[in-house]
Every structure is written in C-alpha cells, then in structure tokens.
Amino acid sequence: SQQGEEDPQALSIQEGENATMNCSYKTSINNLQWYRQNSGRGLVHLILIRSNEREKHSGRLRVTLDTSKKSSSLLITASRAADTASYFCATGINDMRFGAGTRLTVKP
Amino acid sequence: GAGVSQTPSNKVTEKGKYVELRCDPISGHTALYWYRQSLGQGPEFLIYFQGTGAADDSGLPNDRFFAVRPEGSVSTLKIQRTERGDSAVYLCASSLNPGPYEQYFGPGTRLTVT
C-alpha cells in the first residue's frame with residue numbers, strides 16, 4: 001500500500017522559476033526520502049531527511065519535514081529543463097512506500 | 001562503477017506462463033529490494049533481502065510470486081501462472097546496508113502479460 005501522497009499531481013513552470021512539491025504521509029516515520037524518475041536515468045535518490053531533522057539542503061534542493069503535520073516539501077530553486085521528471089517521496093526503513101508522484105515539467 | 005542491472009529489459013509472455021526476472025546489485029551491497037511500478041504510480045514494495053535471506057516479503061501480492069538470492073548477490077524474482085494484472089515495470093534496488101539509506105535502482109524490467 002502507498003504511504004505518501006504528493007501534491008500537486010502535475011506542475012508546469014518556466015526555466016529559472018522555483019518548483020515546490022508537497023508530500024503528506026499517514027503514520028509515524030523514521031525518515032523520509034525524495035526520489036526523481038525520468039525516462040533517461042530511472043529512479044534516482046535525491047535526499048534523505050530523518051525524523052529529528054526539520055530542513056536539509058543539497059545543491060538547488062531544499063527539503064523540509066514537519067512531523068506534527070506529517071508532511072514534507074521539496075523545493076527546487078532556479079529550475080532547469082533537465083529537472084523535468086516525476087518526483088516521489090518515500091517513507092519506511094527497508095520496505096519503502098512511495099506516493100504516486102508529482103510530474104514536473106520545466107519549459108525552456 | 002557499475003550500477004544495478006536488470007535482465008531482461010523487456011519481457012512479453014502469455015497469460016499462465018512462468019517468468020523469471022533477474023537483478024544484479026551493486027557489488028558489496030548487502031541489501032536488495034524488489035518493487036513493481038504500474039503506469040502513473042509510484043513503486044510498490046514487494047520484498048527485501050538482507051544477504052541470502054528474505055527479511056521482509058510482506059509486499060508480495062500472492063503465492064504466485066517468489067524471489068531468491070541464493071549467494072547473497074544476484075536475485076531472481078519468479079512469477080508463476082502470470083496474469084494480465086501482473087503487467088508492470090519490476091524494479092530492483094540495492095543498498096550498502098539495510099536501513100534508512102539511499103537505495104540505488106536498476107532500470108527495471110517491463111513485463112507485459114498478454
């Protein structure tokens with residue numbers, strides 16, 4: 001069964017703009033991960049945030065976690081056409097549960 | 001270095017047939033995971049191996065599905081009496097150790113049951 005739920009389902013922006021995607025989950029978590037999937041490179045890990053962390057950065061990515069609201073957000077700053085992909089949040093330690101994803105399109 | 005590889009990349013089979021899907025994890029990774037992904041959905045967990053043993057097979061949908069990892073490296077996912085509903089992309093992932101760590105995914109095997 002799926003645990004996370006991403007919002008919006010689809011997002012279309014212009015190159016250079018920021019993109020924000022949200023993830024809500026149902027049960028208590030140990031950690032939350034974000035992955036990207038495109039046809040060229042398959043599913044790729046972006047960032048892992050643990051339940052005792054509130055914010056994490058990696059390059060142009062910023063992830064926040066609010067365990068009281070059972071939600072996380074992924075911000076991509078200064079987006080590029082190459083960021084076009086589906087983005088998934090996943091929870092779990094080994095049996096990861098993914099949401100249905102947000103499909104991001106970045107127009108050049 | 002070499003990533004996770006999966007063979008075949010595509011498999012078309014008839015309803016009722018038996019199929020085997022192979023995963024070759026990153027060398028030295030002790031944990032191996034199988035997922036399946038239907039169109040428009042996120043990956044769905046099937047089973048996870050720590051070494052040679054299946055540590056969690058709670059995601060296998062029914063007893064037609066079985067997976068092995070006899071030497072703690074390569075794994076095979078076996079599906080008996082395939083049904084059209086089994087059509088999906090089957091993804092394999094590995095990680096250095098089990099636990100909340102980054103999983104490295106293979107390109108997947110697209111299974112089509114006709």
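Every heavy atom of this structure was used, including side-chain atoms; hydrogens, water molecules and symmetry mates were not. Here is how names work: the chains are called A, B, and so on, in the same order as the sequence lines, proteins then strands, and each is numbered from 1.
Of the possible donor and acceptor atoms, one in the side chain of A/Glu15 sits under 3.5 Å from a partner among the backbone N and O of A/Ala81. Within the 3.5 Å criterion, the main-chain N or O of A/Ala100 finds a donor-acceptor partner in the side chain of A/Glu6. Between the B/Tyr33 side chain and the B/Ser95 main chain, no donor and acceptor come within less than 3.5 Å of each other.
Considering all non-hydrogen atoms of both residues, B/Thr114 and B/Arg84 come closest at C-NE, 3.5 Å. Between B/Trp34 and B/Ser75, the shortest heavy-atom contact is NE1-OG, 2.9 Å.
The contact between A/Asn94 and chain B is made by backbone and side chain atoms together, counting heavy-atom distances below 4.5 Å. For B/Pro107, no part sits under 4.5 Å from any heavy atom of chain A, backbone or side chain. Proximity to chain B (any heavy atom under 4.5 Å) is restricted, for A/Asn31, to the side chain, taken from C-beta onward. Of the atoms belonging to B/Tyr104, not a single heavy atom falls under 4.5 Å from chain A. In this structure, chain A has a heavy atom under 4.5 Å from the side chain of B/Gln37, while its backbone stays farther away. Looking at A/Leu48, the atoms closer than 4.5 Å to chain B (heavy atoms on both sides) all sit in the side chain, from C-beta outward.
Residues A/Ser72 and A/Tyr25 bring no donor and acceptor atom of their side chains to less than 3.5 Å of each other.
Per-residue counts of heavy-atom pairs under 4.5 Å with chain B were compared for A/His45, A/Gln9, A/Gln37; the largest is that of A/His45. Put simply, of B/Gly59, B/Gly99, B/Gly108, B/Ala55, the one with the most heavy-atom pairs under 4.5 Å next to chain A is B/Gly99.
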